[in-house]
K.L.:
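Next up is a structure, given as structure tokens.
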Amino acid sequence: MKIYNTLTKQKEEFVPLNPPNVGIYVCGPTVYDYFHIGNARSFIMADIIQRYLRYKGYKVKFVMNLTDVDDKIIKKANEEGVDAKVIAERFSKAFFEDIEKLKIKKADIYPKATEHIGEIEDLIKKLEKKGIAYKVNGDVFYDVRKFKEYGKLSGKKIDELESGARVEINEKKHNPLDFALWKNAKPGEPHWSSPWGEGRPGWHIECSAMSMKHLGETFDIHAGGHDLIFPHHENEIAQSEGANDKPFVKYWIHFGFLNIKNEKMSKSLGNFFTAREFLQKYSAEVIRLLFSQTHYASPLNFSDEILNSAQKGLEKITNFVQEISFRENIDEGSYPDIDLQKYYTRFEEAMDDDFNTPKAVAVIFDLIKDVNKIMNGGEKHSGKFYSDVKKFLDKTAGNVLGIIKNVNITKNDSSKEIDSLLNLIVEIRQEAKNKKAYDLADLIREKLSKLGYFIQDTKTGTTIKKKL
RNA sequence: GGCGGCGUAGCCAAGCGGUCUAAGGCGAAGGUCUGCAAAACCUUUAUUCGUCGGUUCGAAUCCGACCGCCGCCUCCA
């Protein structure tokens with residue numbers, strides 16, 4: 001299995017530090033607002049990565065942090081005249097609601113910055129002791145010049161950065177690129193007492209402290225959006241490696257942006273849609289299919305057109321799953337000449353190649369086409385065949401990509417009853433058809449459709465599907 | 001200004017030295033099945049991969065120049 005590593009700028013064979021264990025840390029949200037569909041892309045792609053690693057048999061420990069102290073949270077709290085905690089709690093809750101709706105598998109741990117002040121403090125002390133951090137009036141800064149490898153992730157050079165036009169001017173810093181580890185609290189801001197006075201942690205140090213605590217000083221995979229490479233992840237490396245003198249992360253993965261009209265979707269540009277808004281109109285599966293059809297690292301230009309395209313594609317998948325679910329129970333006949341193992345292999349080859357989900361999706365569609373062809377042959381086939389196909393889809397498109405809707409109408413006893421009633425209706429309609437009472441047959445179809453059930457007459461019998 | 005990425009059919013998007021007369025999805029046209037409908041299937045829809053050169057027996061894939069687009073260098077997934 002290969003992963004493109006931002007640190008080395010090449011695809012590398014994935015060798016975990018401690019197989020079969022794999023530690024993954026993904027930069028989560030700053031909980032000051034609902035997250036937008038661009039953020040959702042990162043969360044979903046990280047989800048697919050961890051699901052695939054589990055599929056491969058790795059024992060994954062997946063950590064996603066919540067930044068719950070931050071300038072933006074404080075700003076919002078001030079605007080509303082409430083405590084910063086109120087804002088953080090409100091949007092943490094919203095975050096969990098939204099990722100659940102997006103069918104994102106829960107992380108093993110969601111550490112919060114405010115619950116790791118002790119670890120953060122220890123880390124800063126360590127850096128201070130080594131002479132890498134310095135204090136100025138209650139603020140503590142990281143001295144970028146003290147870390148020789150600064151810039152190794154982003155490919156930037158300190159000198160070039162300094163001459164850049166947009167470096168913040170702050171006379172307190174030794175070097176314009178130095179960044180805050182600890183911020184002196186202004187009145188009304190959340191604060192904790194520390195050796196440097198009342199204050200709060202800087203953003204970058206949180207992730208170093210929390211990832212280290214939950215995954216160790218060196219761990220396998222760290223992922224996040226492309227815009228975090230610099231300065232966030234660069235600074236994390238500086239902090240962690242500066243303190244521990246050992247490699248921080250083995251593989252760095254970065255997700256491409258979701259663009260709108262060719263521009264990065266972001267809160268600051270104002271060209272965003274929240275994930276919640278989208279979920280009202282499109283299902284999680286549609287969004288996931290859409291994202292899966294582009295490689296995680298490439299930019300993805302968002303538009304109604306591609307959304308509709310994904311929706312149609314998903315319908316094709318859903319129709320198919322309903323069809324085989326139906327046949328799984330009733331059909332009897334031969335097992336057709338098809339080697340499902342071939343599709344597993346192709347799926348894995350695609351995913352093994354730096355999580356090539358577009359290719360993996362193509363395998364799913366190939367399978368669907370091939371099986372549809374078999375079903376169109378007019379012959380009946382064994383239920384075992386259909387359940388094998390279904391198992392394949394559940395394992396790959398379902399458990400890894402998350403693009404299979406639950407089509408089971410029959411889940412409990414009461415719906416079993418519904419099933420037999422539906423079958424009765426189908427039989428009656430068949431009688432009507434036999435007597436060429438097409439008006440009546442069409443009426444039944446029409447009425448059922450209004451109730452959300454679609455009747456379809458196929459070569460091998462009538463099937464009924466529920467609208468999903 | 002520095003650093004990085006991208007440009008493949010009407011749209012989206014894989015492919016990254018030969019199996020490419022280039023996957024897959026959407027769309028479009030015609031057809032099959034059907035009482036009709038729906039679903040599905042079949043056929044067609046890029047001899048060509050931004051442009052121009054070069055390397056090579058061989059290039060969408062490597063190199064160079066140019067054109068166009070985007071991102072990072074400030075909070076941002």
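By convention in this document, chain letters (A, B, ...) are assigned in the order of the sequence lines, proteins followed by strands, and residues within each chain are numbered from 1.
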K.L.:
Just to confirm, is there a sub-4.0 Å distance from OP1 or OP2 of B:rC41 to any side-chain nitrogen or oxygen of A:Asn372?
P.N.:
yes

K.L.:
How many whole angstroms separate atom CD1 of A:Ile158 from atom P of B:rC3?
P.N.:
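Value for this atom pair: 16 Å.
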
K.L.:
By the 4.0 Å heavy-atom rule, please label A:Ile455 as base, sugar-phosphate, or nothing.
P.N.:
base

K.L.:
Does the ring centre of A:Phe255 sit less than 6.0 Å away from the ring centre of A:Phe291?
P.N.:
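No - the distance between ring centres of A:Phe291 and A:Phe255 does not fall below the 6.0 Å cut-off.
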
K.L.:
So A:Gly224, base contact, sugar-phosphate only, or nothing? Heavy-atom distance under 4.0 Å.
P.N.:
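Counting heavy atoms under 4.0 Å across all strands, the contact made by A:Gly224 is with sugar-phosphate only.
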
K.L.:
Do we see a donor-acceptor contact under 3.5 Å between the side chains of A:Asn434 and A:Gln430?
P.N.:
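Yes, a side-chain donor-acceptor pair sits under 3.5 Å.
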
K.L.:
With A:Lys11 as the cation and A:Tyr4 as the aromatic partner, state whether NZ or CZ is under 6.0 Å from the six-membered ring centre and within 45° of the axis.
P.N.:
no

K.L.:
After noting the C-alpha distance and the side-chain angles of A:Ile24 and A:Leu53, does the key distance pass the side-chain contact (heavy atoms from CB on, under 4.5 Å) rule?
P.N.:
CA-CA 10 Å; A:Ile24 309 180; A:Leu53 290 170; 3.6 Å; yes

K.L.:
Dot-bracket for RNA chain B: what is it, with Watson-Crick or G-U pairs under 3.5 Å, [ ] where a pair crosses earlier ones, and | for a pair to another strand?
P.N.:
((((((((.[[[..)..(.....]]]((((((.......))))))....[[[[[..)....]]]]])))))))....

K.L.:
Determine the contact category for A:Leu258: base if any of its heavy atoms lies under 4.0 Å from a base atom, sugar-phosphate if only primed atoms, P, OP1 or OP2 are that close, otherwise nothing.
P.N.:
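If one applies the 4.0 Å heavy-atom cut-off, A:Leu258 turns out to touch a base.
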
K.L.:
Go through the steps for A:Tyr438 and A:Lys436 under the test side-chain contact (heavy atoms from CB on, under 4.5 Å), then give the verdict.
P.N.:
CA-CA 5 Å; A:Tyr438 294 123; A:Lys436 300 214 189 295; 3.9 Å; yes

K.L.:
Taking everything shown except A:Glu379 itself, do over 12 heavy atoms lie less than 6.0 Å from its CD?
P.N.:
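Result for CD/A:Glu379: open.
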
K.L.:
Record whether the side chain of A:Lys264 comes under 3.5 Å of the base of B:rC70 through a donor-acceptor pair of N or O atoms.
P.N.:
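Side chain to base: no pair present.
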
K.L.:
Just checking A:Arg429: base, sugar-phosphate only, or nothing, at a heavy-atom cut-off of under 4.0 Å?
P.N.:
base

K.L.:
Please confirm whether any donor atom in the side chain of A:Asp457 sits under 3.5 Å from an acceptor in the base of B:rC36, or the reverse.
P.N.:
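Indeed there is one.
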
K.L.:
Side chain of A:Arg445, base of B:rA37: donor and acceptor closer than 3.5 Å?
P.N.:
yes

K.L.:
At less than 4.0 Å, is any side-chain N or O atom of A:Lys373 found next to OP1 or OP2 of B:rC42? Yes or no.
P.N.:
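So the side chain of A:Lys373 is within the cut-off, an N or O lying under 4.0 Å from OP1 or OP2 of B:rC42.
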
K.L.:
Under 4.0 Å, counting only non-hydrogen atoms across every strand here, what does A:Tyr438 touch: a base, just sugar-phosphate, or nothing?
P.N.:
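The residue A:Tyr438 makes base contact.
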
K.L.:
If the sugar-phosphate is the primed atoms plus P, OP1 and OP2 and the base is the rest, what is the B/S/- string for nucleotides 14-28 of chain B, using protein heavy atoms under 4.0 Å?
P.N.:
SS-------BSBSS-

K.L.:
Give me the ring orientation class for A:Phe278 and A:Tyr282: parallel if the planes are under 30° apart, tilted from 30 to 60°, perpendicular past 60°.
P.N.:
parallel

K.L.:
If the condition is side-chain hydrogen bond (donor to acceptor under 3.5 Å, both in side chains), which residues does A:Glu348 pass it with, not counting sequence neighbours?
P.N.:
A:Tyr55

K.L.:
On RNA chain B, compare the nucleotides closest to A:Phe257 and A:His204; which residue's is nearer the 5' end?
P.N.:
A:Phe257

K.L.:
Can you give me the closest heavy-atom contact between A:Arg445 and A:Ile455, atom names plus distance?
P.N.:
CD-O, 3.9 Å

